[in-house]
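Both backbone and side-chain heavy atoms feed into the values below; hydrogens, waters and symmetry mates do not.
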Amino acid sequence: MAEKKLLLGDEAIALGAIHAGISGVYAYPGTPSTEITEFIQNNPLAKERKLHSTWCTNEKTAMEAALGMSYAGKRALVCMKHVGMNVAADAFVNSAITGVNGGLVVLAADDPSMHSSQNEQDSRFYGKFAMIPMLEPSSQQEAYDMMDYAYTLSEKLKLPVLMRVVTRLAHSRAGVEVADIREENQLNPDHERAHWVLLPGNARKQYLDLVKKQEKLEEASSKSPYNYLEGLNPEYDYEFGVIACGIGYNYVKEADTDGCHIPVLKVSQYPLPADEIRTMADRCGYVLVVEDGQPFVEEQVKAILSSDYEIKGRLTETLPRTGELTPDNVGEAIGWGIKRPFGKPQVVMPRPPALCQGCGHRDVYDALNKVAAEYPDARIFGDIGCYTLGALPPFRAIDSCVDMGASITMAKGASDAGVFPAIAVIGDSTFTHSGMTGLLDAVNDHANITVVISDNLTTAMTGGQDSAGTNKFEAICLGLGVESEHVRVVVPLPKNMEEITRTIREEIEYKGVSVIIPRRECIQTLNRKLRQKKADKA
């Protein structure tokens, strides 16, 4: 009897990757993808095999390291949330042109409804743009099973494979039957140098080969065990049929409490199986596309079918144009009655997120607000991390938060336009992820900005992973050209408020680039260490 485990979707992906014989995982933490790498780091088999596991500086470096492991003939996994795909895009798109040697899976975890993100972008567009195969599991069991399938497909086609999941699948649990465990690939670096040297002459040939492979990708999708048409009697005509993508297939099944009989085309591998779409559409009055994310499939189905066919979905607002799918809105779109046995209790009160009590960021914002109040035109540019909560009450200290690293470059641009003082607040992990280049720009242009690197010695927002620059920030700033007397370190505690505010005033008045580093360990990380120390003594 096969062993069965209760796993998060992220954990199923991680275990599937280990069992598929990966030799390394590379990632930058970001919800909802973080638990994949954490699971691999703590898995006994992964430890026994000494699988390489690294929290990288950013998603681009993670993608490139995974590609290097693939070059060496071994299987690699690279994980990120959807906005991380923007950072990794250069290496990701070009990896389709170099091709792979050992299997390479790129895991993108999308966040419809923006539970912890700045946008709702759909990573499937990246897979189509790069012209590589994509997988989208509908369940935790498929998430596990697909990993071995994905690596086999990657090595067969000599292409990276993009696996896309969404928050609800990543962070929900289900029983998963585990399969046989595969050994790691042997070291076997690729000897075809021209594949990997993307000089224009080589790249043109490689790109042509990639285009020619598209027919094989379409054939693989049409034969995929994860794409299938069910409930279609070729002798009947139906009012409508459903194309259900990834987790949308689960929602269709969950909403169908009355056992209604309509044809459903399950899609969990891309490119789309065009022939199956046409087969179903020929017997249906219209087609409803159920997909979590943007209308990626809906737009393509319109192109596959002639204008005589009616296509419904997010573009027609049969499903909500924004936000994640639910069994309720899927059931309403299909026209089935929705049973809601439980309503929202009136005693439930909104609980907006807030900085932890005892957090050093609180003292940083108290000091910044106090000093900024002395300058009528002061602007504080924020960044991505738990310190972004400084935009909310009671601090209301941040005037912008756009993307990783934007605080420094936006402050520079605002200063260039005449804003004074222009202050940037950025976290330690975010600074090494995307802030260093902006600081170099500011130094080279002699920008009049004050940069606050709020260093809590960890990547706190995603659970306390290692931060790439810990104990290196002064050296990094000096190496980038910030004057030594204007790299200042303070300890953010209420008792030090006079010193901190004085330091901020002095650096604001300095006509150039200055860096203030408030450094105090994250209160949550510290508490975990203390609990562990207590447990070890016991």
Side-chain angles (χ1 to χ4, degrees), residues 10-11 13-14 17-18 22-44 46-47 49-66 68-69 76-81 83-84 87-88 107 109 116 170 355-356 358-361 383-388 404-405 426-437 439 453-477 479 489 491-492 517-533 535-536:
D10 277 349
E11 294 171 343
I13 290 163
I18 295 168
I22 65 166
S23 296
V25 57
Y26 302 88
Y28 182 82
T31 304
S33 71
T34 308
E35 291 86 353
I36 300 170
T37 305
E38 289 182 334
F39 184 92
I40 293 173
Q41 289 174 335
N42 296 315
N43 180 266
K47 289 181 178 179
R49 290 186 170 185
K50 298 181 179 179
L51 300 188
H52 195 88
S53 175
T54 301
W55 290 116
C56 299
T57 303
N58 63 32
E59 294 84 359
K60 180 178 183 289
T61 63
M63 180 71 211
E64 290 160 348
M69 182 167 277
L77 174 66
V78 55
C79 307
M80 63 199 74
K81 68 182 295 177
V83 288
V87 181
L107 189 288
S116 57
L355 289 169
C356 302
C359 172
H361 297 322
D383 226 299
I384 305 298
C386 50
Y387 53 92
T388 311
M404 296 283 277
I426 189 168
D428 48 341
S429 183
T430 307
F431 177 71
T432 50
H433 179 288
S434 294
M436 294 190 295
T437 48
L439 184 59
I453 304 175
S454 196
D455 181 9
N456 59 8
L457 305 174
T458 189
T459 310
M461 184 173 66
T462 50
Q465 296 78 25
D466 291 339
S467 177
T470 299
N471 299 321
K472 304 181 183 74
F473 293 109
E474 294 94 316
I476 291 171
C477 293
V489 179
V491 179
I517 306 173
R519 177 173 292 135
R520 182 155 68 85
E521 187 171 12
C522 168
I523 194 71
Q524 297 296 339
T525 303
L526 177 61
N527 286 338
R528 280 193 291 270
K529 287 180 180 178
L530 293 175
R531 286 194 297 268
Q532 186 60 50
K533 188 176 181 180
D536 292 342

Measure from the side-chain N and O atoms of [X] to the backbone N and O of [Y], and report whether any donor-acceptor pair falls under 3.5 Å.
| X | Y | answer |
| --- | --- | --- |
| Thr37 | Thr34 | no |
| Lys81 | Ser33 | no |
| Thr458 | Gln465 | yes |

Partners meeting salt bridge (Lys or Arg N to Asp or Glu O under 4.0 Å) with [X] (sequence neighbours left out):
| X | answer |
| --- | --- |
| Arg49 | Glu183 |
| Glu38 | none |
| Glu35 | none |

Partners passing side-chain hydrogen bond (donor to acceptor under 3.5 Å, both in side chains) against [X] (at least two apart in sequence or in another chain):
| X | result |
| --- | --- |
| Ser23 | Glu184 |
| Ser53 | Gln41 |
| Arg519 | Asp455, Glu474 |
| Thr430 | Tyr387 |

side-chain contact (heavy atoms from CB on, under 4.5 Å) involving [X] - partner list, sequence neighbours excluded:
| X | result |
| --- | --- |
| Ala76 | Ala66, Met69, Leu104 |
| Ala46 | Ile18, Ile40, Asn43, Leu51 |
| Ser454 | His361, Val364 |
| Thr470 | Leu457, Ser467 |

Between Leu107 and Leu77, does a side chain to side chain contact (heavy atoms under 4.5 Å, CB included) hold up when you go through it step by step? CA-CA 7 Å; Leu107 189 288; Leu77 174 66; 4.2 Å; yes

Is any side-chain heavy atom of Thr432 closer than 4.5 Å to a side-chain heavy atom of Phe473?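 Touching, per the 4.5 Å side-chain cut-off.
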
Identify the two heavy atoms, one from [X] and one from [Y], that lie closest to each other, and give their separation to 0.1 Å.
| X | Y | value |
| --- | --- | --- |
| Val25 | Cys79 | CG2-SG, 4.0 Å |
| Leu355 | Cys386 | CD2-O, 3.3 Å |
| Cys356 | Gln524 | SG-NE2, 3.4 Å |
| Ala62 | Ala27 | CB-N, 3.8 Å |
| Cys477 | Phe431 | SG-CZ, 4.2 Å |

About how many Å separate [atom2] of [Y] and [atom1] of [X], when rounded to the nearest 0.5 Å?
| X | Y | atom1 | atom2 | answer |
| --- | --- | --- | --- | --- |
| Asp10 | Ile36 | CG | CD1 | 4.0 Å |
| Asp383 | Met404 | CG | CE | 7.0 Å |
| Asn527 | Ile523 | CG | CD1 | 5.0 Å |
| Cys522 | Arg528 | SG | CZ | 6.5 Å |
| Ile453 | Leu439 | CD1 | CG | 6.5 Å |

Is there any salt bridge (Lys or Arg N to Asp or Glu O under 4.0 Å) pair reaching into residues 56-65, and which pairs are they, with sequence neighbours excluded?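 As it turns out, the salt bridge (Lys or Arg N to Asp or Glu O under 4.0 Å) pairs with a partner in residues 56-65, which skip direct neighbours, are Lys60-Glu64.
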
Without hydrogens or angle criteria, can the side chains of Thr61 and Tyr28 be said to hold a donor-acceptor pair below 3.5 Å?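 No, Tyr28 and Thr61 have no side-chain donor paired with an acceptor closer than 3.5 Å.
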
